[in-house]
S.K.: 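Here it is, the structure in full.
Start at 1 and go down the list; that is how both ligands and their atoms are numbered.
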Amino acid sequence: MCGIVAYVGPKDAAPFLLEGLQRLEYRGYDSAGVVVSNKGLKMRKVKGRVADLAAAVPARFKGTLGIGHTRWATHGAPSDVNAHPHLSTDERIAVVHNGIIENADELRAKLEADGVVFVSETDTEVLSHLIGRTVKETDSLEEAVRMALKRVVGTYGIAVIDAQRPGEVVVARNGSPIVLGIGEKEMFAASDVAALVRYTRQVVHLEDGELAVLKADGFHTFASDARETAKEPLTVDWEAGHYDTGGYEHYLLKEISEQPDTVARTLRGRLDDRFHIAHLGGLNMDARESRSFRRVKIIGCGSAYYSGQIGAQLIEELARIPADAEPASEFRYRSPVVEPDTLYVAISQSGETYDTLAAVQELKRKGGRVLGIVNTVGSAIARECDGGVYLHAGPEVSVASTKAFTSTAVAFALLALHLGRVRDLSPADGRRICEGLRRLPGQIKEILALEPQIKELARKYAHSPSMMFVGRVRGYPVAREGAQKLKEISYVHAEAYPASELKHGPLALIGPEMPTVAIVPDDELLDKNLTTLGEIRARGGQVLMVGHRTADPKLADDCVVLPKNEVELDPILMSIPLQIFAYHAAVALERDVDKPRNLAKSVTVE
Ligand code: F6R
């Protein structure tokens, strides 16, 4: 998705702007631009990479106030002209914008009728003209931005500068994140803390409807009615080094390899060996309240949703509360019945996914109790929820989610343990789960050591036109996530089905052209799964089995044998070989592993 950076202070803005944009590259974009103010605005923008932009910026691109942008096209094709910033006709105002202005056509028609000539096809240019016209009347950039935003329907995070006010940036947020960074006599802003951590750890998140005026010596924030708001800065514990590849060829491989640590961090300080319970202080619920829920409903998008399916099963098994997961993007549109005795859980790595945020807001409007399982501290979803569990997995840079997926599943195991132990889960079972959770980091290391074998298998299967992923009950969300990883980074078509459903339709697809990855844990469904493998092989389908034992060669062509944990926790481990498989398939097919086509890291538009 689009990225925003902004600077005001004593130094030249361009180095920060370009470096900041580079830090935001992981979010996905197609063009980039910067503008600085120095006796008039100086702007460069290009279709292509931030490196192309840096090459296009002349050595003398001086100015201590500036804004920059990476664009992910929505209105108009990727091009130099459509790239942001966009200027007012007199080139006094420059605007960068994330989000979508829904009434752009109508506003554009009105402005054109007034004689304004547009140069781009973007919705954003409407804003630069609206602000450009108003600033002349009000002589206040803040007021001009406020008035322009009143006419706009849609979502935005924006940063605006005025050539006649060389010491001031105005930023505003509605649905698209804006974070302020507080420096030493300098101020930064960005759409993501990734752009800021090299410069400051003191940040302030804007709320929807808020506007901020930044000057070198500080900032002021205002609600939509222009009342000043008080904001407490937050210290972020993510470091610049978290955003480097750390010697790995790709962020994805780095993040897969980090999982022994990230899972350990999600668990740290949360297991109680005396009572075999989980301590989750952020839930903001006492035992009586935790007992009062009769149902759990989990929402999230994409991989977050699949980790929610693992979570729903953990909660049903350990706490014996009916639980299910649903894509947040569907949930928000179907006017859900919100029940007082249901606990809602929203999952998001970024904490900014618009569909999930909108679903949480809908739930809150209807009086629902919502917990967040979120990685990004202080993000919009985290702020919106009544309480929750932070993953502490560190920033996830590669577009495809890996470490956040496993940490979310671990967070659900903790939540299930908590909800179980205030109900009927016995101390012995609580202890079994606590011990199983503690074994996870070591077992993940054992799985990572299987990489050479999994790499060979990925190379063997990568050229298949299509692959089937199957699993039963606990294995089904694992299969879905495995198919998701493969298709999003290798572009190999992959379908996931419950193994039990194969006979009811998809078996017709099985043949030599369609290999199957089968999730076969050593649990009470082992025999059923082995029967399914026999059915696939009988139709000439190849089988790659991921399980706890080597299968008869009549049932599987290849086997990846994993360490065994408690049956409830096996899905957490079983998703990791599928991440490694997808990674090496994508490398074998020479894909852009960390930035797969058409995708963005955090989807802040509808
Ligand atoms: C897949 C992937 C996406 C995200 C989804 C939700 O690998 O990364 O499916 O899981 O867009 O993102 P968050 O968790 O940031 O809300």
S.K.: Check Arg23 with Asp244, please: is the shortest side-chain N to carboxylate O separation under 4.0 Å?
M.R.: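 Yes, this pair counts.
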S.K.: With sequence neighbours left out, what residues match His250 under ring pair (Phe, Tyr, Trp, His ring centres under 6.0 Å)?
M.R.: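 Counting only residues at least two positions away or on another chain, His250 forms a ring pair (Phe, Tyr, Trp, His ring centres under 6.0 Å) with Tyr583.
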S.K.: Taking only residues two or more places apart in sequence, or in another chain, which ones meet Thr262 in a side-chain contact (heavy atoms from CB on, under 4.5 Å)?
M.R.: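 Once residues adjacent in sequence are excluded, the partners of Thr262 under the side-chain contact (heavy atoms from CB on, under 4.5 Å) criterion are Glu258, Gln259, Arg265, Ala393, Lys403, Ser407.
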S.K.: Holding to side-chain contact (heavy atoms from CB on, under 4.5 Å), I want the full list of residues that pass it with Ala77, two or more places apart in sequence or in another chain.
M.R.: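 Scan of Ala77 (side-chain contact (heavy atoms from CB on, under 4.5 Å), adjacent residues dropped) gives none.
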S.K.: Please determine whether a side-chain nitrogen of the Lys or Arg among Lys297 and Asp324 lies less than 4.0 Å from a carboxylate oxygen of the Asp or Glu.
M.R.: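 Between Asp324 and Lys297 there is a salt bridge, with a charged N closer than 4.0 Å to a carboxylate O.
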S.K.: Name the residues with a heavy atom less than 4.0 Å from ligand 1?
M.R.: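 If the criterion is a heavy atom under 4.0 Å, then ligand 1 touches Cys301, Gly302, Ser303, Ala304, Ser348, Gln349, Ser350, Thr353, Val399, Ala400, Ser401, Gln484, Lys485, Glu488.
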S.K.: Strictly by modelled atom types, are Glu396 and Ser401 linked by a side-chain donor-acceptor pair under 3.5 Å?
M.R.: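 A pair is found: one side chain offers a donor N or O, the other an acceptor, under 3.5 Å apart.
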